[in-house]
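Below: the structure, in C-alpha cells.
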Amino acid sequence: VQLQASGGGLVQAGGSLRLSCAASGRIFSSYDMGWFRQALGKEREFVAAISNSRSGIVTNYADSVKGRFTISRDNAKNTVFLQMNSLKPEDTAVYYCAAGRSSRLASRYDYWGQGTLVTVSS
C-alpha cells in the first residue's frame, strides 16, 4: 500500500483544514486507517483511527482532538480524510496517515504516508 497525504497548510487559530490520504496498491478497504502527528521536538502521537468496513466503522480519537476532528473514509476513492475544526496552535505538526490495524500505537501500522505540515498561527 502506498499512501499520499495532502491538505496541510497555514491556518489561523479557530480555522479548519481537511487532510486527505490517498491509497494505492493492495485492497484499501481491508485496512484500518490512522492519523498521527509529530510536532517539532516531540514524539509522534496518535490523533485518530477508523476501522475497515468489514468489521463495521468504528472511530477512535485522542482526547486532545475529540469533538474537533473527524476521521472518515471513502473506500470507493481509496481515501481517508481528517476534518480538523477549531484548530489551535498546539495542533501544529506534521500529520501522517497510516494503514494497518486500528490502534493508538504507531507500531500496529504497516504503511505510512510521507506527512503533510499543518501550521496554526495564534
Side-chain angles (χ1 to χ4, degrees):
V1 176
Q2 292 80 43
L3 303 174
Q4 180 72 38
S6 61
L10 175 63
V11 63
Q12 289 188 333
S16 299
L17 281 175
R18 188 173 83 152
L19 305 184
S20 299
C21 176
S24 61
R26 304 182 72 177
I27 302 173
F28 171 76
S29 61
S30 66
Y31 285 91
D32 301 330
M33 300 296 296
W35 285 97
F36 288 75
R37 67 186 181 186
Q38 186 166 17
L40 190 64
K42 296 187 177 181
E43 295 186 354
R44 190 170 298 190
E45 66 174 1
F46 169 78
V47 175
I50 186 167
S51 61
N52 67 64
S53 59
R54 292 186 301 178
S55 57
I57 299 298
V58 177
T59 58
N60 191 11
Y61 297 93
D63 289 344
S64 59
V65 307
K66 198 172 294 183
R68 300 188 297 123
F69 290 12
T70 302
I71 188 171
S72 61
R73 66 190 298 161
D74 184 338
N75 288 339
K77 296 182 179 180
N78 284 1
T79 303
V80 62
F81 303 98
L82 184 68
Q83 177 66 44
M84 306 186 294
N85 299 328
S86 302
L87 283 162
K88 304 175 181 180
E90 51 263 44
D91 294 319
T92 295
V94 177
Y95 283 71
Y96 298 90
C97 60
R101 288 294 169 255
S102 183
S103 172
R104 293 172 176 256
L105 300 176
S107 60
R108 296 296 302 275
Y109 293 86
D110 301 314
Y111 304 97
W112 291 83
Q114 85 289 359
T116 184
L117 177 62
V118 172
T119 304
V120 184
S121 62
S122 58

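Heavy-atom basis, side chains included; hydrogens, waters and symmetry copies ignored. Numbers for residues simply follow the sequence, beginning at 1.
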Among pairs that include at least one residue of residues 2-23, which meet ring pair (Phe, Tyr, Trp, His ring centres under 6.0 Å), considering only residues two or more places apart or in two chains? none

Can you list everything that forms a ring-ring contact (aromatic ring centres under 6.0 Å, His included) with F81? Sequence neighbours excluded, please. none

Backbone N or O of I71 within a donor-acceptor pair of the Y61 side chain at under 3.5 Å? yes

Would you check if the side chain of R73 reaches a backbone N or O of D32 as a donor-acceptor pair within less than 3.5 Å? no

Rounded distance [0.5 Å steps], [atom1] in [X] versus [atom2] in [Y]:
X   : Y    : atom1 : atom2 : value
M84 : T70  : CE    : OG1   : 11.0 Å
F69 : L87  : CZ    : CG    : 5.0 Å
I50 : W35  : CD1   : CH2   : 12.0 Å
L10 : L17  : CG    : CG    : 9.0 Å
E90 : S122 : CD    : OG    : 10.0 Å
N75 : M33  : CG    : CE    : 10.0 Å

Show your reasoning for whether side chain to side chain contact (heavy atoms under 4.5 Å, CB included) applies to V80 and C21. CA-CA 5 Å; V80 62; C21 176; 3.4 Å; yes

Which pair of non-hydrogen atoms, one from [X] and one from [Y], has the smallest distance, and what is that distance?
X   : Y   : answer
K77 : T79 : O-OG1, 2.8 Å
K42 : Q38 : O-NE2, 3.1 Å
A23 : L3  : CB-CD2, 3.6 Å

List for me each residue that meets side-chain hydrogen bond (donor to acceptor under 3.5 Å, both in side chains) alongside T119, sequence neighbours excluded, and say none if there are none. none

Under the side-chain contact (heavy atoms from CB on, under 4.5 Å) rule, collect the residues that match up with A13, sequence neighbours excluded. P89, V120

Mind jotting down which residue pairs meet the side chain to side chain donor-acceptor pair (under 3.5 Å) criterion with at least one end in residues 95-115? Sequence neighbours excluded, please. R37-Y95, N60-R104

Pairs meeting criterion side chain to side chain donor-acceptor pair (under 3.5 Å) with involvement of residues 11-24, two or more places apart: Q2-S24, S16-N85

Inspect the surroundings of CD1 in I27 and state if more than 12 heavy atoms from other residues, nucleotides or ligands are less than 6.0 Å away. no

Would you call K88-D91 a salt bridge at under 4.0 Å N-O? no

Using the rule that two of Ile, Leu, Val, Met, Phe, Trp, Tyr join whenever any of their side-chain heavy atoms come within less than 4.5 Å, decide whether V11 and V65 are in one cluster. yes

Is it true that F36 and L82 fall in one hydrophobic cluster, defined by side-chain heavy atoms closer than 4.5 Å? no

